[in-house]
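FYI, side chains are in, hydrogens and waters are out, and symmetry mates aren't considered; it's all heavy atoms of this structure. Naming: A, B, ... by sequence-line order, numbering from 1 per chain.
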2 protein chains.
Amino acid sequence: MVTKNKPARIPAPYAVVKQYLKKNLQNGRWAPGALMPSEAELVAQFSVSRMTVNRAIRELQTEGLVSRIQGVGTFAAEPHRVSSTLTIRDLHSEIEERGHTHHAVVHIAKAELVTTAVALRLGLEKGATVFHTVIVHYENGVPLQCEDRYVNPACAPDYLRVDFTQTTPTQYLLEVAPHWEAQYRIEASAPTAREAKLLGIRRDDACLIIARRTVSMNVPITAARLVHPGTRYSLAGQFKP
Amino acid sequence: MVTKNKPARIPAPYAVVKQYLKKNLQNGRWAPGALMPSEAELVAQFSVSRMTVNRAIRELQTEGLVSRIQGVGTFAAEPHRVSSTLTIRDLHSEIEERGHTHHAVVHIAKAELVTTAVALRLGLEKGATVFHTVIVHYENGVPLQCEDRYVNPACAPDYLRVDFTQTTPTQYLLEVAPHWEAQYRIEASAPTAREAKLLGIRRDDACLIIARRTVSMNVPITAARLVHPGTRYSLAGQFKP
DNA sequence: AAACTCTACTTGTCTAGACAAGCTGAGTCA
DNA sequence: TGACTCAGCTTGTCTAGACAAGTAGAGTTT
């Protein structure tokens with residue numbers, strides 16, 4: 001048996017109420033859609049103030065476990081929309097965290113006139129210039145990702161002066177425009193001829209491709225195509241309700 | 001100009017404070033890691049009670065925009081761990097939402113002795129029985145997913161009696177064990193011979209594969225391998241800070 | 001029967017004050 | 001110098017009460 005030096009911390013009252021509700025939701029005491037106890041009832045049951053109960057329930061609400069309707073009541077959430085979340089991380093820190101070495105080789109880094117396709121994706125006008133980089137990232141010397149990226153010069157005028165063997169574009173762009181929204185598309189397909197060559201794989205090897213487009217404060221920042229050899233890379237994630 | 005019938009609802013004070021902090025975080029007023037105003041300062045600035053300010057900041061904390069240390073202060077979050085979230089949805093509702101038709105064909109539905117690999121994944125003992133289903137899902141008559149699933153009989157004893165042309169296994173299992181945790185792995189690779197045949201694709205066509213393992217209240221429920229033709233399917237998601 | 005009103009109940013939010021818990025730095029003592 | 005104490009700051013949480021806003025249902029009127 002494990003004994004702790006610290007005395008057993010008694011959990012905060014709001015946490016007690018929250019845990020009680022969570023447990024009973026899990027074991028089906030309140031079927032999905034069913035009416036749950038009102039705040040007043042819980043106040044009486046646990047002898048705490050309404051604010052305390054309210055916090056417990058509100059947190060369950062943001063976790064998606066219950067839904068509330070003002071004037072009506074609190075309901076167990078409908079059969080959880082089977083949606084779940086997966087984490088996509090910065091490749092550099094991911095590799096470092098595995099205790100492996102990361103290095104990058106820059107193949108293209110220049111300003112270009114936008115093509116129609118890129119102009120659309122970045123929300124720029126025809127005839128504008130964009131920065132374009134193609135960088136291959138290696139884990140322990142093995143090519144793991146081919147990163148084909150277009151950047152809006154208005155957001156990162158010094159982008160091409162960055163040493164991308166030291167800093168990943170993602171890291172740099174995060175400094176320039178800290179909080180952003182991103183849209184993703186993840187797909188599997190064969191690489192282009194150039195990508196196959198850069199990654200050292202065959203043209204018919206399956207690749208995991210992430211197409212990412214990021215926007216900060218309604219200004220498009222960057223659009224990237226990240227190609228990973230299917231045999232060397234997979235995305236892992238988990239979901240806790 | 002657009003005129004609304006309803007009078008402009010004034011936002012709640014806590015929302016005002018929250019929005020103020022969020023705006024200034026985005027435009028870089030507080031660099032990542034920097035000390036932000038204390039609750040007391042915000043109380044004075046906005047003439048609200050501390051509970052109101054506290055709620056605003058606490059919500060920012062759960063959103064990952066700030067981090068707080070008791071006794072020290074509130075800090076702008078570090079260069080957002082470039083992690084981001086992607087939503088994985090139930091195939092049936094996803095197809096329905098596109099206004100398309102979904103149907104499923106059951107190829108295998110039986111009880112089996114576990115193999116070592118499956119026993120490990122499901123956390124069962126050697127010699128136990130599992131339910132095994134192989135189902136192909138179609139969108140508008142085109143095969144979109146091959147679902148190879150093992151289910152822990154202890155969690156869903158009636159699993160094999162379900163009509164999977166009407167209900168997806170995911171939907172059914174959600175009813176039986178409402179709230180669960182899931183682990184995912186997403187990868188790209190070629191299909192097995194059987195999968196290629198069932199999906200009507202070539203053996204060297206790239207596939208997007210989701211391996212999912214779910215657990216509810218520390219009891220393993222199910223392990224599934226979902227194979228999608230790369231040309232017909234992609235995962236989309238977005239991230240808002 | 002249909003339309004209305006009113007009451008009772010729900011959630012949503014705010015307040016002013018309180019105490020606990022934790023960190024920091026200044027001052028004190030050995 | 002080094003170890004200690006303590007005041008003063010921070011966040012973490014709870015309370016008792018209050019009013020607003022929204023809904024459902026009972027009762028009333030038309």
Spacing between [X] atom [atom1] and [N] atom [atom2], to the nearest angstrom:
| X | N | atom1 | atom2 | result |
| --- | --- | --- | --- | --- |
| A:Leu35 | D:dT23 | CG | C1' | 13 Å |
| A:Gln70 | C:dG12 | CD | P | 6 Å |
| A:Glu59 | C:dT11 | CD | C1' | 17 Å |
| A:Lys18 | D:dC14 | NZ | C1' | 17 Å |
| A:Arg55 | C:dT11 | CZ | C1' | 18 Å |
| A:Ile69 | D:dT23 | CD1 | P | 9 Å |
| A:Asn54 | D:dG17 | CG | P | 17 Å |
| A:Ile10 | D:dG12 | CD1 | P | 18 Å |

Quick check on [N]: is either OP1 or OP2 less than 4.0 Å from any side-chain nitrogen or oxygen of [X]?
| X | N | value |
| --- | --- | --- |
| B:Thr74 | D:dT11 | yes |
| A:Ser49 | D:dC14 | no |
| A:Arg68 | C:dT10 | no |
| A:Arg50 | D:dA16 | no |

Could you check whether [X] pairs with [Y] (Lys NZ or Arg NE/NH1/NH2 to Asp/Glu carboxylate O, under 4.0 Å)?
| X | Y | answer |
| --- | --- | --- |
| A:Glu63 | A:Lys22 | yes |
| A:Arg98 | A:Glu96 | no |
| A:Arg232 | B:Glu187 | no |

Nearest nucleotide by nearest heavy atom, which residue falls closer to the 5' end of DNA chain C, B:Thr52 or B:Val72? B:Thr52
Nearest heavy atom decides the nucleotide; on that basis, is A:Gly73 or B:Ser47 closer to the 5' end of DNA chain C? A:Gly73
Of the nucleotides [options], which has the atom closest to the [X] side chain?
| X | options | result |
| --- | --- | --- |
| A:Tyr14 | D:dC14, D:dG12, D:dA16 | D:dC14 |
| A:Glu39 | C:dT11, D:dT10, D:dT13 | C:dT11 |
| A:Ala40 | D:dT13, C:dT10, C:dT13 | C:dT10 |

Can you tell me if CZ on B:Arg225 sees more than 12 non-hydrogen neighbours from other groups inside 6.0 Å? yes
Just checking, is any N or O donor in the side chain of B:Glu147 or B:His137 under 3.5 Å from an acceptor N or O on the other one? yes
Could you check whether A:Ile57 gets within reach of a base, just the sugar-phosphate, or nothing at all, counting any heavy atom under 4.0 Å? nothing
Whichever of B:Met36 and B:Met51 has its nearest DNA chain D nucleotide further upstream toward 5': B:Met36
